Amino acid sequence: YYYPLGRERRSGFLAPRLSYRTHREFRVRNAYFWALNDYSDATFALDYDTAYGWRQEVESRYLYGTERGMNWFRVIHDEDRMRYKEHWSFTGNHRQDLPWGVDGLVKLTLRSDRFYDQYYSEYFEERTRRDLQSFLSLSRSWEKFSGTASVDYTATLVDEGGEELESRVVSPESGELGPATWTVPRISVSMSQTELFGTGAFFSTRFGYYNRLREGTVPFRTAGLDGHLSRPFSLFRWFRFTPYLDGSLDWYRTAADGSTDHVQPLYSAGIGGSTRIYGLFYPGEDELRHVVEPSVNLAWRPEIETDNVPAGGRTQYPSTILTLGLTNRLKLLRGGGLVLEAGSDDSYGATGQAVELLRWDLSAGYVVDAPEPVEQPWSSLVSRVYLTPVFAEWYDSLVIVQSRHSPYTWEMESFDLSVSFAVSGGGARPRLEDNEYDEPTDDIPGYEPLETDPPRDELEKRIEAGWRMGLTYDYTMARSGGQDIHFLGLQA
């Protein structure tokens, strides 16, 4: 409690936090927040659990080293009086801007006990995770090129060959430590889509090298070169077609039969076409636009011998597949009176507010040709509906309905419903992703790291008081006699 209230960052004790879990009894979290400066802070926590005992935690966040976001690390130590063991944990994320435009990123996870998170974490995703990954990467982007080099280490916490456990919490007696995997290194260099000599044809390519070392298995080393060539053109101004050719050349150090230096070429081709049909309506002063986008794609993959490709390599099943798609959009322009540009669905002019109220995607595939006869050549009909009835800045809403039907029996094979609604006021901060605890995001809209001390009015804008409350509901229909899943979440 402070008096008088102020906008500046202050150090002090945070409000205690109480939590309860059936197998952990009560837990009290006491923490002290230390505001070092405008670029860094730290939180020191001393927790007490009535089942396990005392627990110490230090977490620090800082804006040094990069202009792309927040770095952080967390250290935890505790003594488990139930198991008479001492535990510690270190988790960190550091991004570093290096010379010559190189971006470095390192994520490190260390545990004294492989079951640490499953016993102690407050987060369901961590309690049920069965492996830990740490990695280091260096990346750089040019005008048309980008490259990344990385190494990573993955530790499997339980035996992958064991039976599925009824309990999501694994005990030391129910699973042995699985194999660890090193990837040293992983290299990728790619060129984005580039027009070839003014011909209207576009080409993109990517080279990758992958070296995986897994305990108890033969090292998996592969390098591949991919290429994509396309030449879009229009017919009668209304129809757009894009023929394309894909090719790849993969090298494997060890093939499936044990031989070395196996080279595997793959290639495929296809053509896609689409058009747009518009309908305009004028309800009052607003303009409602109905956009219909039918599309078709024919993909051909020839029969190529890939039996000698090792497990984990790329193979190709020969086929000719026709994919049909239909998209319906309803877009509302508030205020109306603007002339839409010919052939444009996105530009509504310099004024007005455009809102996409509904989008409905339908898609289905048909096997035109395959090495063996296909009894049911039509694939399932997939439907996705997106509803965004947003008419004011103080609330957000989104409804997503996804379903899959059999074209032969018209029975529903799957169904998913997601509904989210949020209201906000004042200067509420942008909503973060759900994984912000694990990996503080650097993709917060409007986020700009502080390079120098900003003017006081600018700093006050960043920390303007506000509020936001959100409600989320998800439903997934069970498959094969399982149980339906309902999820309800509240954020404040």
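As the structure is a computational prediction, the values presented were derived from the model and not from experiment.
The two residues Leu280 and Tyr282 have their closest heavy-atom pair at CD1-OH, 3.8 Å. Minimum heavy-atom separation, Phe239 to Phe241: CB-CE1, 3.7 Å. The nearest pair of heavy atoms linking Ser406 to Glu413 is CB-OE2, 3.4 Å. The nearest pair of heavy atoms linking Asp226 to Arg314 is OD1-NH2, 2.8 Å. Minimum interatomic distance between Tyr317 and Arg301 (heavy atoms only, all atoms of both residues): O-NE, 3.5 Å. The two residues Trp238 and Thr275 have their closest heavy-atom pair at O-OG1, 2.5 Å.
Arg240 and Ser274 share no donor-acceptor pair across their side chains, judged by distance under 3.5 Å alone. Between Ser146 and Ser190, the side chains place a donor N or O and an acceptor N or O closer than 3.5 Å (distance only, hydrogens not considered). A side-chain N or O of Arg61 and one of Thr43 form a donor-acceptor pair less than 3.5 Å apart.
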Leu105 vs Phe135, side chain to side chain contact (heavy atoms under 4.5 Å, CB included): CA-CA, chis, key distance, verdict: CA-CA 8 Å; Leu105 175 62; Phe135 72 87; 4.1 Å; yes
Test Arg468 against Asp396 for side chain to side chain contact (heavy atoms under 4.5 Å, CB included), laying out the working first. CA-CA 10 Å; Arg468 180 183 179 91; Asp396 298 320; 3.3 Å; yes
Side chain to side chain contact (heavy atoms under 4.5 Å, CB included) between Leu330 and Phe281, worked out: CA-CA 10 Å; Leu330 283 180; Phe281 310 93; 5.7 Å; no
Before you tell me yes or no, could you show the steps for Phe421 and Tyr473 under side chain to side chain contact (heavy atoms under 4.5 Å, CB included), namely the whole-Å CA-CA distance, both residues' side-chain angles and the distance that decides it to 0.1 Å? CA-CA 9 Å; Phe421 180 81; Tyr473 170 74; over 6 Å; no
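Legend: salt bridge (Lys or Arg N to Asp or Glu O under 4.0 Å) pairs involving residues 365-388, not counting sequence neighbours: none detected.
Looking at Asp484 and His486, their side chains come closer than 4.5 Å, going by heavy atoms from C-beta outward. Using a 4.5 Å heavy-atom cutoff, the side chains of Tyr267 and Ile304 are in contact. The side-chain heavy atoms of Trp300 and Thr320, taken from C-beta on, include a pair separated by under 4.5 Å. Residues Gln133 and Thr109 fail the side-chain proximity criterion, which asks for heavy atoms closer than 4.5 Å. The side-chain heavy atoms of Tyr278 and Val291, taken from C-beta on, include a pair separated by under 4.5 Å. Side-chain contact between Trp360 and Leu362 is present, with heavy atoms from C-beta onward closer than 4.5 Å. Between Pro407 and Leu381, the closest side-chain pair of non-hydrogen atoms is not below 4.5 Å. Trp467 has its side chain within reach of Val423: a pair of non-hydrogen atoms, C-beta onward, lies under 4.5 Å apart.
Rounded to the nearest 0.5 Å, atoms OG (Ser40) and CG (Leu63) are 8.0 Å apart. Separation of atoms CZ (Arg329) and NE2 (His290) is listed at 11.0 Å; rounding is to 0.5 Å. If you take CG on Asp41 and CE on Met70, they are separated by 8.5 Å, rounding to the nearest 0.5 Å. Residue Leu332 holds its CG atom at 9.0 Å from CD of Glu287, rounded to the nearest 0.5 Å. Taking CD of Gln96 as the reference point, atom CG of Leu138 lies at 10.5 Å (rounded to 0.5 Å). Between the CZ atom of Arg140 and the OG1 atom of Thr148 there is a distance of 12.0 Å, given to the nearest 0.5 Å.
Evaluated for a side-chain hydrogen bond (donor to acceptor under 3.5 Å, both in side chains) with Ser418, the options Thr472, Asp474, Thr476 yield exactly one hit, Asp474. Checked options Ser137, Ser188, Ser139; the residue passing with Ser150 is Ser137 (criterion: side-chain contact (heavy atoms from CB on, under 4.5 Å)).
Arg9 contributes a side-chain N or O that, together with a main-chain N or O of Asn37, makes up a donor-acceptor pair within less than 3.5 Å. A distance-only check finds a donor-acceptor pair linking the side chain of Ser379 to the backbone of Gly365 [under 3.5 Å]. In this structure a side-chain-to-backbone donor-acceptor pair under 3.5 Å is missing from Glu57 to Arg74. With Glu195 contributing its side chain and Gly200 its backbone, the two residues share a donor-acceptor pair below 3.5 Å. Judged purely by atom type and a 3.5 angstrom limit, Thr66 has no side-chain atom pairing as donor or acceptor with the backbone of Asp97.
Enclosure of atom CD in Glu303 is not indicated, since only 12 or fewer non-hydrogen atoms of other residues, nucleotides or ligands lie within 6.0 angstrom. Arg231 CZ: more than 12 foreign heavy atoms inside a 6.0 Å radius. In the displayed structure, Glu143 atom CD is contacted under 6.0 Å by at most 12 heavy atoms of other residues, nucleotides or ligands.
Aromatic ring centroids of His94 and Tyr64 lie 6.0 Å or more apart.
Ring geometry for Trp378 versus Tyr366: interplanar angle of 30 to 60°, hence tilted.
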